[in-house]
Amino acid sequence: MTSALFDAAAKQYDETFTSTKIGKLQRNRTWNYLDSILPKHQINILELNCGTGEDAIWFAKKGHNILATDISEMMINAGQTKVKQLSLTDNISFEKLDINEIDKKSYKEKFDLVFSNFGGLNCLTENDLKSLSNKIRTLLVSNGRFIAVVMSDFCMIESLYFISKLKFNEAFRRKKMQQVNVNSSLVNTYYYSPKMFYRYFDHEFILNKVIGVGLTIPPSYLNNFFSNKIKTSHLLNKIENSIGNNLFAASISDHYLIDLVVKE
């Protein structure tokens with residue numbers, strides 16, 4: 001990965017995803033799960049591909065300490081600006097970091113949680129993921145957790161959307177690597193089913209839980225269509241919260257959250 005690809009996206013990232021109706025619904029679903037498993041006492045969190053710091057800010061408001069990392073200096077700058085405005089600098093620090101070089105870093109303390117949200121790990125190849133498993137394990141305490149939100153290799157809503165547009169070649173496009181347009185930058189993106197993703201981590205981690213994030217909540221590129229349909233969005237969110245908390249739902253969602261615990 002190169003930082004320039006994401007530097008170009010940083011200025012508009014919040015506008016095109018974070019602050020959108022769909023972006024908020026998908027992120028809230030992730031936060032609701034985290035809320036259900038995070039301890040009440042303060043923990044140390046390492047965030048990978050932190051973007052503009054939205055999740056780091058949420059963790060800090062819960063009282064936790066976060067080291068937020070990203071390959072993009074522009075993303076980090078945007079996050080730092082938010083954090084200063086909210087007076088959360090005591091809980092959040094930022095560091096420029098390429099995930100593939102995480103083993104070259106040394107930290108004074110191990111982390112209770114390593115977290116990665118919304119497809120940052122989809123920029124990694126299979127070999128990158130295999131290598132990442134051991135790297136993350138060495139950064140975690142004995143009962144630590146690795147929680148990631150990953151783009152699945154099949155999205156039911158996306159496929160139905162493309163079929164309705166008679167774009168049959170696009171209906172299963174996630175089965176191959178795609179060059180995805182991220183604010184005018186083309187990013188190589190690899191899609192993984194939950195079972196496939198876990199295979200790269202099963203030597204060091206136990207699978208605790210997988211849930212869908214975007215089972216009935218549509219992908220973000222459909223935000224313009226759904227942004228003014230408040231009742232429809234509310235209904236889709238309610239359905240997802242009811243039936244999206246299992247492996248099958250995760251396997252056909254836009255994203256899935258996978259919760260892994262360090263093996264003893």
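Only a predicted model underlies this, so the values are computations on that prediction, with no experimental measurement involved. Index from 1, following the sequence. Computed over heavy atoms, backbone and side chain alike; hydrogens, waters and symmetry mates excluded.
- Only one option out of Arg174, Arg199, Glu126 pairs with Tyr192 in a side chain to side chain contact (heavy atoms under 4.5 Å, CB included); it is Glu126.
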With a cut-off of 3.5 Å and sequence neighbours excluded, list every side-chain donor-acceptor pair involving residues 241-249.
{"unit_1": "Asn241", "atom_1": "OD1", "unit_2": "Arg29", "atom_2": "NH1", "d": "3.0"}
{"unit_1": "Asn241", "atom_1": "ND2", "unit_2": "Asn237", "atom_2": "O", "d": "3.3"}
{"unit_1": "Ser242", "atom_1": "OG", "unit_2": "Lys238", "atom_2": "O", "d": "3.0"}
{"unit_1": "Asn245", "atom_1": "OD1", "unit_2": "Arg29", "atom_2": "NH1", "d": "3.4"}
{"unit_1": "Asn245", "atom_1": "OD1", "unit_2": "Arg29", "atom_2": "NH2", "d": "2.6"}
{"unit_1": "Asn245", "atom_1": "ND2", "unit_2": "Asn241", "atom_2": "O", "d": "3.2"}
{"unit_1": "Asn246", "atom_1": "OD1", "unit_2": "Phe248", "atom_2": "N", "d": "3.2"}
{"unit_1": "Asn246", "atom_1": "OD1", "unit_2": "Ala249", "atom_2": "N", "d": "2.8"}
{"unit_1": "Asn246", "atom_1": "ND2", "unit_2": "Ile243", "atom_2": "O", "d": "3.1"}

Yes or no on ring-ring contact (aromatic ring centres under 6.0 Å, His included) for Phe162 and Phe168, after CA distance, side-chain angles and deciding distance? CA-CA 6 Å; Phe162 283 128; Phe168 301 109; over 10 Å; no
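- Of the candidates Trp58, Phe115, Phe59, Trp31 forms a ring-ring contact (aromatic ring centres under 6.0 Å, His included) with just one, namely Trp58.
- The only member of Ile37, Leu140, Val262 that meets side chain to side chain contact (heavy atoms under 4.5 Å, CB included) when paired with Arg145 is Ile37.
- Look at Glu54 and Lys82 and you find a salt bridge, because one of the NZ, NE, NH1 or NH2 atoms lies within 4.0 Å of a carboxylate O, short of that distance.
- Linking ILVMFWY residues whenever their side-chain heavy atoms come closer than 4.5 Å, directly or via other members, places Leu113 and Tyr33 in the same cluster.
- A donor-acceptor contact closer than 3.5 angstrom is absent between the side chains of Asn223 and Ser220.
- Few gaps surround NZ on Lys229; more than 12 heavy atoms of other groups in view lie less than 6.0 Å from it.
- Of the N and O atoms on the side chains of Thr69 and Lys96, not one donor lies less than 3.5 Å from an acceptor on the other residue.
- Between the side chains of Ser193 and Asp153, no donor-acceptor pair is found at a separation under 3.5 Å.
- A donor atom on one side chain and an acceptor atom on the other are found under 3.5 Å apart for Lys135 and Ser131.
- Applying the 6.0 Å contact sphere to CD of Gln179 captures more than 12 heavy atoms from other residues, nucleotides or ligands.
- For the residue pair Asn49/Asp70, the side-chain donor-acceptor check at 3.5 Å is not satisfied.
- Shown here are the salt bridge (charged side-chain N to carboxylate O under 4.0 Å, His left out) partners of Asp112, two or more places apart in sequence or in another chain: there are none.
- Hydrophobic clustering places Met177 together with Leu121 (ILVMFWY residues linked when any side-chain heavy atoms are closer than 4.5 Å, directly or through intermediates).
- A donor-acceptor contact closer than 3.5 angstrom links the side chains of Tyr221 and Glu158.
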